[in-house]
2 protein chains.
Amino acid sequence: MAARKIHEVRRADTTALKERFRQFLTELGMRMTTQRDLIIEVFFRAKGHLNIDELYQQIRQIQPGTGYATIYRTMKLLVKCGLAVERHFGDGQTRYEHVPHDTHHDHMICLKCGSIIEFFNPEIERLQDAVASQHHFQLAHHRLEMFGYCKNCR
Amino acid sequence: MAARKIHEVRRADTTALKERFRQFLTELGMRMTTQRDLIIEVFFRAKGHLNIDELYQQIRQIQPGTGYATIYRTMKLLVKCGLAVERHFGDGQTRYEHVPHDTHHDHMICLKCGSIIEFFNPEIERLQDAVASQHHFQLAHHRLEMFGYCKNCR
DNA sequence: TTGTGTGCAAACGATTTGCAGTACC
DNA sequence: GGTACTGCAAATCGTTTGCACACAA
């Protein structure tokens with residue numbers, strides 16, 4: 001029951017993402033294709049940071065004819081569309097990560113009008129983890145508050 | 001007078017950095033060389049994020065015989081030594097930035113013993129600036145506190 | 001039907017590496 | 001004096017691109 005629910009939520013998410021991508025493509029006079037559809041499917045079903053080769057391997061199991069170039073080209077589009085982010089560790093390869101839509105977020109606080117802008121930056125999150133582990137620190141939670149002046153008050 | 005003082009501080013800094021690097025090399029059974037010395041000199045005198053080619057151009061003006069490979073190899077060593085950090089923007093090139101030793105820092109706080117670890121992560125700082133400007137937010141200051149368990153308490 | 005997308009292979013460009021000579025310690 | 005370092009050029013490897021054919025709109 002619970003598993004089924006999760007599955008449904010997942011499916012819905014992927015569909016919405018595809019719709020958003022299709023819209024993005026249309027605006028640029030581009031087309032949705034079976035390859036792009038499949039790449040989104042595989043990318044968003046997978047966990048963690050995938051490099052092109054990992055995507056390629058998984059995609060070739062479903063559509064053996066797919067080429068590297070298509071995956072490269074599609075991932076660039078997903079980044080441009082805002083559905084994925086590039087990540088560089090130190091191994092010379094580009095890795096891709098979902099843009100998460102989690103509940104956790106940090107805050108920007110306007111010193112003049114007091115308005116609060118919520119944001120979430122996966123790269124900052126990752127770096128916090130990295131810093132913690134460098135110091136052998138077991139991270140429980142964190143708080144990042146950025147103070148300044150919002151668009152209207154600056 | 002003030003300028004002179006700054007100059008002295010700068011010189012002292014570079015010397016200290018070289019000493020630190022020499023020590024690092026010695027520990028690994030490696031040697032300081034005129035090339036490495038010069039690369040440090042140029043790198044730490046320069047501002048901002050330099051790519052290999054920019055370093056190469058500057059270094060060739062002083063020591064025309066220097067090769068690309070040496071610069072690549074030395075910058076990797078500086079990173080390993082903790083004096084430089086790699087930075088990837090999106091242009092396919094690696095850029096290098098000094099590890100700053102500023103006064104600003106953030107905190108990790110142990111929930112058990114209350115000990116505080118200060119840290120400074122230039123990448124987090126940069127990302128905060130990026131997030132702020134994405135939201136047209138003029139950043140004044142920030143506070144990053146990470147809570148968890150220190151090495152001894154975890 | 002009309003482009004736009006794809007797969008392939010070749011091209012590209014940043015980085016690494018093998019090697020013979022050089023220079024630190 | 002022995003060994004690590006350098007410069008050069010070739011090799012490597014991730015990524016991009018040109019082109020002829022395929023397919024979405």
Side-chain angles (χ1 to χ4, degrees), chain A residues 18-19 21-43 49-57 59-81 84-96, chain B residues 18-19 21-43 49-57 59-81 84-96:
Chain A
K18 284 180 190 172
E19 197 41 54
F21 189 51
R22 174 175 239 112
Q23 212 168 319
F24 167 83
L25 291 173
T26 304
E27 281 168 16
L28 274 73
M30 304 176 86
R31 297 165 184 173
M32 183 55 107
T33 63
T34 54
Q35 288 90 335
R36 286 175 181 167
D37 189 286
L38 175 60
I39 291 167
I40 291 180
E41 194 69 28
V42 168
F43 175 59
H49 325 85
L50 296 97
N51 61 27
I52 295 291
D53 195 61
E54 289 163 347
L55 280 167
Y56 180 77
Q57 299 305 335
I59 284 162
R60 295 282 291 202
Q61 291 183 4
I62 304 170
Q63 287 256 331
T66 313
Y68 266 102
T70 301
I71 299 175
Y72 273 106
R73 289 188 274 232
T74 302
M75 292 315 294
K76 292 224 146 200
L77 287 171
L78 284 177
V79 169
K80 205 178 283 181
C81 177
V85 288
E86 291 193 354
R87 199 54 61 85
H88 295 269
F89 298 139
D91 59 353
Q93 289 185 114
T94 303
R95 291 172 175 277
Y96 293 89
Chain B
K18 283 179 189 170
E19 198 41 53
F21 189 50
R22 175 175 237 112
Q23 210 168 320
F24 167 83
L25 290 173
T26 304
E27 282 168 15
L28 274 74
M30 304 175 87
R31 295 164 184 174
M32 182 56 108
T33 63
T34 55
Q35 287 90 336
R36 287 175 181 167
D37 189 286
L38 175 59
I39 291 166
I40 291 181
E41 194 68 27
V42 169
F43 175 58
H49 326 84
L50 297 98
N51 61 27
I52 295 291
D53 195 59
E54 288 163 348
L55 280 167
Y56 179 77
Q57 300 304 335
I59 284 162
R60 294 282 291 201
Q61 292 183 4
I62 303 169
Q63 287 256 329
T66 314
Y68 267 102
T70 302
I71 299 175
Y72 273 106
R73 290 187 274 231
T74 302
M75 292 315 295
K76 292 225 145 199
L77 286 171
L78 283 176
V79 169
K80 206 178 282 181
C81 177
V85 288
E86 291 193 352
R87 202 50 63 84
H88 295 269
F89 299 138
D91 60 353
Q93 288 185 116
T94 303
R95 290 171 176 278
Y96 295 88

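A quick note: this is a predicted structure, and the numbers were derived from the prediction, not measured. All chains are named by letter (A, B, ...) in the order of the sequence lines, taking the proteins before the strands, and each is independently numbered beginning at 1.
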Take nucleotides 4-9 of chain C nucleotide by nucleotide from the 5' end and write B, S or -, depending on whether a protein heavy atom sits under 4.0 Å from the base, only from the sugar-phosphate, or from neither.
BSSBB-
Can you check the Leu38(B) CG to dC24(C) C1' distance for me, whole Å?
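Spelled out: CG on Leu38(B) to C1' on dC24(C) is 17 Å.
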Integer-rounded Å distance: dT16(C) P and Met75(B) CE
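Spelled out: CE on Met75(B) to P on dT16(C) is 12 Å.
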Please name all residues satisfying ring-ring contact (aromatic ring centres under 6.0 Å, His included) with Tyr56(A), sequence neighbours left out, ordered by chain then number.
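Testing Tyr56(A) for ring-ring contact (aromatic ring centres under 6.0 Å, His included), a comparison that skips the adjacent residues, returns Tyr68(A).
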So what is the end-to-end bend of the helix from dT1(C)-dA25(D) to dC25(C)-dG1(D), with 5 pairs used at each end and the value given to 10 degrees?
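Axis angle across the helix from dT1(C)-dA25(D) to dC25(C)-dG1(D), nearest 10°: 40°.
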Carefully, step by step, assess Tyr96(A) and Leu78(A) under the rule side chain to side chain contact (heavy atoms under 4.5 Å, CB included).
CA-CA 10 Å; Tyr96(A) 293 89; Leu78(A) 284 177; over 6 Å; no
Determine yes or no for a side-chain-to-main-chain donor-acceptor pair under 3.5 angstrom, with Glu27(B) supplying the side chain and Phe24(B) the backbone.
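Flag not set: sc Glu27(B) to bb Phe24(B) has no pair under 3.5 Å.
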For Asn51(B), does its backbone N or O pair with a side-chain atom of Glu54(B) as donor and acceptor, under 3.5 Å?
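Yes, because the side chain of Glu54(B) sits within donor-acceptor range (under 3.5 Å) of the backbone of Asn51(B).
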Could you check Lys76(B) against Arg73(B) for side chain to side chain contact (heavy atoms under 4.5 Å, CB included), going step by step and ending with a plain yes or no?
CA-CA 5 Å; Lys76(B) 292 225 145 199; Arg73(B) 290 187 274 231; 5.9 Å; no
So, OP1 or OP2 of dT16(C): does either fall under 4.0 Å of a side-chain N or O from Tyr72(B)?
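False: Tyr72(B) side-chain N/O out of range (4.0 Å or more) of dT16(C) OP1/OP2.
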Within the pair Arg22(B) and dC24(C), is there a side-chain N or O less than 4.0 Å away from OP1 or OP2?
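No, outside the criterion.
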Determine, step by step, whether Met75(B) and Thr94(B) satisfy the side chain to side chain contact (heavy atoms under 4.5 Å, CB included) criterion, reporting the C-alpha distance in whole Å, the side-chain angles of both residues, the deciding distance to 0.1 Å, and the verdict.
CA-CA 10 Å; Met75(B) 292 315 295; Thr94(B) 303; over 6 Å; no
Please list, in 5' to 3' order, the outermost nucleotides of DNA chain D lying under 4.0 Å from any heavy atom of chain B.
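So the outermost contacting nucleotides come out as dG2(D) to dC8(D).
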Gap between atom [atom2] of [Y] and atom [atom1] of [X] - 0.5 Å precision:
| X | Y | atom1 | atom2 | result |
| --- | --- | --- | --- | --- |
| Leu50(A) | Gln93(A) | CG | CD | 11.0 Å |
| Leu55(B) | Thr66(B) | CG | OG1 | 11.0 Å |
| Cys81(A) | Arg22(A) | SG | CZ | 13.0 Å |

Which atom pairs, one a donor and one an acceptor, fall under 3.5 Å between side chains of residues 34-41 of chain A and the rest of the protein, sequence neighbours left out?
{"residue": "Arg36(A)", "atom": "NH1", "partner": "Arg31(A)", "partner atom": "O", "Å": "2.6"}
{"residue": "Asp37(A)", "atom": "OD1", "partner": "Lys18(A)", "partner atom": "NZ", "Å": "3.1"}
{"residue": "Glu41(A)", "atom": "OE1", "partner": "Lys18(A)", "partner atom": "NZ", "Å": "2.3"}
{"residue": "Glu41(A)", "atom": "OE2", "partner": "Arg45(A)", "partner atom": "NE", "Å": "3.0"}
{"residue": "Glu41(A)", "atom": "OE2", "partner": "Arg45(A)", "partner atom": "NH2", "Å": "2.9"}

